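Source: prediction; values computed, not measured. Proteins get letters first, then strands, A, B, ... in listed order; numbering begins at 1 in each.
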2 protein chains.
Amino acid sequence: MGITKSEIFTEQQNEIALIAKAFGHPARVAILQHLFKMQTCICGDLVEEIGLAQPTISQHLKELKNLGLIKGNVEGTSVCYCINEDKWNEALGLFKEFLELQPNTVNSCK
Amino acid sequence: MGITKSEIFTEQQNEIALIAKAFGHPARVAILQHLFKMQTCICGDLVEEIGLAQPTISQHLKELKNLGLIKGNVEGTSVCYCINEDKWNEALGLFKEFLELQPNTVNSCK
DNA sequence: TATATTAATCGTAATATTGCAATGTATTAA
DNA sequence: TTAATACATTGCAATATTACGATTAATATA
């Protein structure tokens, strides 16, 4: 039904999936990379840098902000965005735990 | 348009997004975790373990397999699935690079 | 005050995703 | 050969996502 049955999964599984979903679009990857590189930037910078329309970038920024991965505050007519370090580090921890499940070298499957 | 303009992004950004999208559903997270824990398993195990219908699990397995993150081979009437170590390590590398972009401690944004 | 700048929101079209019942397919067992 | 087992595929309904033109809202500047 296009709707995820999140109630049957653990909180950790849902949280990993939510953050992964945010990373699941190249525009959002690009936004995050740009923010790391520049420390802060405004929406217009990203529109130029990335080449999607302003409402589209704005929408992607909103998703990242809703998740808490970035912060934004108004400065005159523009909005200054940056990484939310706390949330980022939380995500980093979650993903490390998930990704570093080491595959046991012997698995019987081709 | 529900369609991603992947041509305007780098190969690396698209690859990160593709893999992240695979991680972007708790059922697929659960499948991968179970595979790590058990080394190998069959579709039926996951149906029981996770509690989604068999066609649904089968679909999620297909996505993971198409991406190369898991492998599966027929064994009698069942199919034995396991992590594809090579692809997993590739993903691990990509994500480490992406996630460990350290936020510079001073960013001027609230 | 009028106008420009910047970004958010609204509305909409196109497409993708999630989930499952029903069905098909391949292999094994009787 | 028939039945059972284990999965994959198909088809569909419900919902989500991506993208953008048009508009709105808020602030700054002439």
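Under the 6.0 Å cut-off for aromatic ring centres, Phe95(B) and Phe23(B) qualify, their centroids lying closer than that.
Mapping Ser6(A) and Gly44(A) onto DNA chain C via the closest heavy atom, the residue that lands nearer the 5' end is Gly44(A).
In this structure, Tyr81(A) reaches the dA8(C) phosphate: one of its side-chain N or O atoms is under 4.0 Å from OP1 or OP2.
Regarding Glu48(B), its CD atom lies at a distance of 10 Å from the P atom of dA6(D), rounded to whole Å. A straight line from NE2 of His25(B) to C1' of dG19(C) spans 9 Å, rounded to a whole angstrom. Taking atom NZ of Lys5(A) as the reference point, atom C1' of dA14(D) lies 13 Å away to the nearest angstrom. Look at NZ on Lys65(A): it is 13 Å from P on dA7(C), rounded to the nearest Å. A straight line from CD1 of Ile31(B) to C1' of dC7(D) spans 14 Å, rounded to a whole angstrom. Here the P atom of nucleotide dA19(D) and the CZ atom of Arg28(A) are 9 Å apart, to the nearest Å. In this entry the distance linking CD of Glu7(A) with P of dT18(C) reads 15 Å, nearest Å. Per the geometry, CD1 belonging to Ile42(A) stands 16 Å off P belonging to dT27(D), to the nearest Å.
Residues of residues 9-24 of chain A having a heavy atom closer than 4.0 Å to DNA chain C: none are found. Contacts of residues 50-63 of chain A with DNA chain D (heavy atom under 4.0 Å): Leu52(A), Ala53(A), Pro55(A), Thr56(A), Gln59(A), His60(A), Glu63(A).
Between the side chain of Trp88(A) and the backbone N or O of Leu99(B) there is at least one donor-acceptor pair closer than 3.5 Å. No side-chain donor-acceptor contact under 3.5 Å links Asn89(A) to the backbone of Asp86(A). In terms of modelled atom types and a separation under 3.5 Å, the side chain of Asn84(B) and the main chain of Leu69(B) share no donor-acceptor contact.
If you run side chain to side chain contact (heavy atoms under 4.5 Å, CB included) between Leu61(A) and each of Leu46(A), Val79(A), Thr56(A), only Leu46(A) comes through.
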Between the protein and nucleotides 27-30 of chain C, list every N/O to N/O distance that falls short of 3.5 Å.
none

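Taking the ring pair (Phe, Tyr, Trp, His ring centres under 6.0 Å) definition, one finds that Phe9(B) meets it with nothing, sequence neighbours left out. Applying the ring pair (Phe, Tyr, Trp, His ring centres under 6.0 Å) rule to Tyr81(A) yields no partners; only residues at least two apart in sequence or on another chain are considered.
Listed by first and then second residue, the side-chain hydrogen bond (donor to acceptor under 3.5 Å, both in side chains) pairs involving residues 13-33 of chain A are Thr10(A)-Gln13(A), Gln13(A)-Gln33(B), Glu15(A)-Lys87(A), His25(A)-Thr4(B), Arg28(A)-His60(A), Arg28(A)-Glu63(A), Gln33(A)-Gln12(B), Gln33(A)-Gln13(B) (not counting sequence neighbours).
Within 6.0 Å of CD on Glu7(B) lie more than 12 heavy atoms contributed by other residues, nucleotides or ligands.
The pair Glu100(B)-Lys96(A) meets the salt-bridge criterion, with a side-chain N (NZ, NE, NH1 or NH2) lying under 4.0 Å from an Asp/Glu carboxylate O.
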Start with the C-alpha distance between His34(A) and Cys41(A), add both sets of side-chain angles, then the distance that settles side chain to side chain contact (heavy atoms under 4.5 Å, CB included), and finish with yes or no.
CA-CA 8 Å; His34(A) 193 73; Cys41(A) 75; 3.8 Å; yes
